[in-house]
Amino acid sequence: MKLFTLYCSKKCPPMGLETLKIDDFQLHASTTKRYGLGAHRGRLNIQAGLHEDDLYDGAWCAGRDDPLQWFEVDARRLTKFTGVITQGRSSLWSSDWVTSYKVMVSNDSHTWITLKNGSVDLIFHANREKEIPVRNIFPAPVVARYIRVNPRSWFARGSICMRVEILGCPMSDPNNYYHRRNEVITTDDLDFRHHSYKDMRHLMKVVNEMCPNITRIYNIGKSQSGLKLYAIEISDNPGEHELGEPEFRYTAGSHGNEVLGRELLLLLMQFMCLEYLSGNQRIRHLVEETRIHLLPSVNPDGYEKAFEVGSELSGWSLGRWSNDGIDIHHNFPDLNSILWEAEVKKWIPRKMFNHHVPIPEWYQSKNASVAVETRALIAWMEKMPFVLGGNLQGGELVVTFPYDKTRSQGVIREQTPTPDDHVFRWLAFSYASTHRLMTDANRRACHTDDFAKEDGTINGASWHTAAGSMNDFSYLHTNCFELSMYVGCDKFPHESELPEEWENNRESLLVFMEQVHRGIKGVVRDLQGRGIANAIISVEGIGHDIRTAADGDYWRLLNPGEYTVTVRAEGYSLTSKKCEVGYEMGATRCDFTISRTNMSRIKEIMQKFNKQPIRLPIRQLQARRSRQRRLGT
């Protein structure tokens, strides 16, 4: 009997204008205002570039404003068309949208039939503004190869501009070349559907009951509306930090409408449970050597808003923010500015460390604009000794790495590398290069930037500056190296797309987790063999240190090479040694035993004697010696 059932929608799904399943050559139009507003830009939720009037504008716009214009999709096979979804133009400056349209279909692109209501042409009511999608379902499905949307009226102070999605089911045709070429099939027996908050809790419980020896469900806090932020731990000793075992985390859904990451983590926990039970050695090794934490829904309040209207109608932003209107992913304290100011003033390392930058007091006050979800994340990040983390985002196909904020003030885009830039670039590439699409040079860009030319990765600040990101905070305040994975062009894909999206990301999700075992690891102990917490681990040539966990163990992510590693702890002598990182997977063991300094011993003895100097007055010492002579000793 199957554990997880496959859900099949009875309604026809989107054909794939938004997900790029429909390629540019399948889109045509009567006229075009300019290339950047061509038919290839008429995709639902496509976003305009920072500078309009370029090659990447935010809709198809007709060259003339009259009722003879049309936008056409070639399905390349007979298709049962059931509806159309439309938006206006994505633009900061223009207000352009279509208010009504007709629909025509054809089998040969020459003879067209207009959908009718009896003997009268059907007029579909469209948009009232430019962002909220409007769906029209046909009175009855119609089978054809081509479909046209013919605008009949538009916003009075605007032009004919549209972003479109077509709902349709391809008719069975095993000989169709295009269908065979694009078909992706998964063999994993998982629950491929969108899960409400209640469904998510139930699924996590099912996984826990199937694999009770390697899973544990817990919560890190609550959302603004009181929903618990559930996480699942996957480890051979759930609930315990094992000495020398690194801790890894995936989070998703900080933007509640970016749903794909949430579903990928729910699929990942199912997959790891089932594969562990079936004896998959790769998964067993991961589980036995790593403590893995999966937090699928950072912003459940926002998700519920998007889930309520559905994948096709949530638009680009509904549910993005927390209930109190905060962007959780960029709600962390800006520690970059604090560190960079200290560097300019040459305070490092005398007055301030180059790592574990403290959170400013103002941020911790009750009046600060900090989401409760953000505070819960920070407490979780401070409690667990995470080594590596990934947060799954949506709406693009790229992996970004710190820094996310530009160092030069007022600059929107600028390469701003961390001292660990080479490590971050490798980590990003490990995910992107094993994704089915991210590094494919032939794939179409989601919106404006063609990240495939950059191997599917980019420094966050060189894409667009963002202060207070989760990635920068994690790097500067904790030991954890954090990256963002933008896992799909469509933030909220139809559930029929989930099997393919799982195939796109499955290997990447596993490979990135395995990178937590790259670099050096060890335990810092004193001469009595006790672990030393909070010892500082420095690598020569890298201006960013890390610290040991409560038991004295540490993990330092590094690329292959030979490194001089130095350990220092308050009250202990500084110790250095050479540590070599090889190309094979598995961190190099590099333990340290450090001894107390003479000064620390003196201070300890002084404290034992209530901080008094350990010497007797001269008269008292002379009297003691006199007594000893009289006694003959």
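Count residues from 1 along the sequence.
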Going by the rule ring-ring contact (aromatic ring centres under 6.0 Å, His included), which residues pair with Y363 if we only count those two or more places apart in sequence or in a different chain?
none

F424 vs N459 side-chain heavy atoms within contact, under 4.5 Å:
no

Indicate the atoms forming the closest heavy-atom contact of V387 with L557, along with that distance.
O-CD1, 3.8 Å

Whether the T439 and S433 side chains hold a donor-acceptor pair (N or O, under 3.5 Å, no angle test) is what I'd like checked.
no

Within a strict 4.5 Å, meaning less than it, do heavy atoms of the S462 and E414 side chains meet?
no

Show the numbers, then the answer: is there a side-chain hydrogen bond (donor to acceptor under 3.5 Å, both in side chains) between D301 and S223?
CA-CA 7 Å; D301 296 346; S223 70; 2.9 Å; yes

How long is the straight-line distance from CD of E258 back to CG of N391, given to the nearest 0.5 Å?
10.0 Å

Just checking, any donor-acceptor pair under 3.5 angstrom between side chains of E240 and N237?
no

Check whether the ring centres of Y218 and Y230 lie less than 6.0 Å apart, and answer yes or no.
no

Does any part of the side chain of L427, heavy atoms only, come nearer than 4.5 Å to the side chain of L388, both counted from C-beta?
yes

Starting at CD1 of I536, measure out to CG of L574 and round the result to the nearest 0.5 Å.
10.0 Å

Find out whether L286 and E275 are in side-chain contact, i.e. whether some heavy atom of one side chain is under 4.5 Å from a heavy atom of the other.
no

S538-R568 side chain donor-acceptor pair, cut-off 3.5 Å
yes

Decide yes or no for R525 and I532: does some side-chain heavy atom of the first lie under 4.5 Å from some side-chain heavy atom of the second?
no

Determine, using ring centers only, whether F481 and Y475 are less than 6.0 Å apart.
yes

Are any of the side-chain nitrogens in R407 or E343 under 4.0 Å away from the carboxylate oxygens of its partner?
yes

Return the set of residues passing ring-ring contact (aromatic ring centres under 6.0 Å, His included) with W347 (not counting sequence neighbours), or none when no residue passes.
none

Please report the shortest heavy-atom distance between S474 and C480, naming the atom on each side.
OG-O, 3.0 Å

Would you mind checking if E503 and R506 are paired as a salt bridge, meaning a charged N to carboxylate O distance below 4.0 Å?
yes

Salt bridge between R291 and E233, side-chain N to carboxylate O under 4.0 Å?
yes

Could you report the tightest heavy-atom contact between Y197 and P300, atom names first, then the distance?
CD1-CB, 4.0 Å

Measuring from atom CG of D189 to atom CG of L274, what distance do you get when rounded to the nearest 0.5 angstrom?
7.5 Å

So which atom in A432 and which in T457 form the shortest heavy-atom distance, rounded to 0.1 Å?
CB-CG2, 3.8 Å

Whether the N471 and S484 side chains hold a donor-acceptor pair (N or O, under 3.5 Å, no angle test) is what I'd like checked.
yes

Any cation-pi pair here, K578 with Y563, using under 6.0 Å and within 45°?
no

Given side-chain contact (heavy atoms from CB on, under 4.5 Å), test F512 with M485 step by step and report yes or no.
CA-CA 10 Å; F512 186 74; M485 291 78 179; 3.4 Å; yes

Kindly give the heavy-atom pair with the smallest separation between L229 and S297, and that separation in Å.
CD2-O, 3.9 Å

What I want to check is whether the side chains of S278 and N280 have a donor and an acceptor closer together than 3.5 Å.
no

Any carboxylate oxygen within less than 4.0 angstrom of a Lys/Arg side-chain nitrogen, looking at D327 and R320?
yes

Passing option when R556 is tested against D420, N479, D545 for side chain to side chain donor-acceptor pair (under 3.5 Å):
D420

Does a donor on one side chain sit under 3.5 Å from an acceptor on the other, for E247 and H293?
yes

Could you check whether the rings of H355 and F353 sit parallel, tilted or perpendicular, using 30° and 60° as the cut-offs?
tilted

Show your reasoning for whether side-chain contact (heavy atoms from CB on, under 4.5 Å) applies to I359 and F473.
CA-CA 9 Å; I359 298 173; F473 173 81; 4.0 Å; yes

Centroid-to-centroid, Y403 to W340, below 6.0 Å?
yes

Looking at R249 and E482, is any side-chain nitrogen of the basic one under 4.0 Å from a carboxylate oxygen of the acidic one?
yes

If we ignore angles and hydrogens, is there a donor and acceptor under 3.5 Å between the side chains of W426 and Q515?
yes

Going by the ring-ring contact (aromatic ring centres under 6.0 Å, His included) test, which pairs reach into residues 517-540, not counting sequence neighbours?
none

State, without any angle test, whether T215 and N208 hold a side-chain donor-acceptor pair at a distance under 3.5 Å.
yes

Run the side-chain contact (heavy atoms from CB on, under 4.5 Å) test on M470 and T251 for me, step by step, so that the C-alpha distance in whole Å, both residues' side-chain angles and the decisive distance to 0.1 Å come before the verdict.
CA-CA 11 Å; M470 184 175 178; T251 61; 3.9 Å; yes

Hey, do the aromatic rings of Y486 and W463 have their centres closer than 6.0 Å?
yes

Would you please indicate if the ring centroids of F248 and F386 are separated by under 6.0 Å?
no

Search all heavy atoms of Y250 against all heavy atoms of L509 and return the closest pair with its distance.
OH-O, 2.9 Å

CD1 (I412) with more than 12 external heavy atoms under 6.0 Å
no

Can you check whether L260 reaches L264 side chain to side chain, under 4.5 Å on heavy atoms?
yes

So do the side chains of L335 and D472 get within less than 4.5 Å of each other, counting heavy atoms only?
no

Report the C-alpha separation of H285 and E514 in whole Å, then their side-chain angles, then the decisive distance to 0.1 Å, and conclude whether the side-chain hydrogen bond (donor to acceptor under 3.5 Å, both in side chains) test is met.
CA-CA 10 Å; H285 183 265; E514 291 168 337; over 6 Å; no

Candidate list E288, E507, E289, test salt bridge (charged side-chain N to carboxylate O under 4.0 Å, His left out), partner R282, passing option
E507

Check the side chains of K405 and S337 for a donor-acceptor pair under 3.5 angstrom, ignoring hydrogens and angles.
yes

Side-chain donor-acceptor pair present, N505, H435, cut-off under 3.5 Å
yes

Any side-chain heavy-atom pair of H329 and H255 under 4.5 Å:
yes

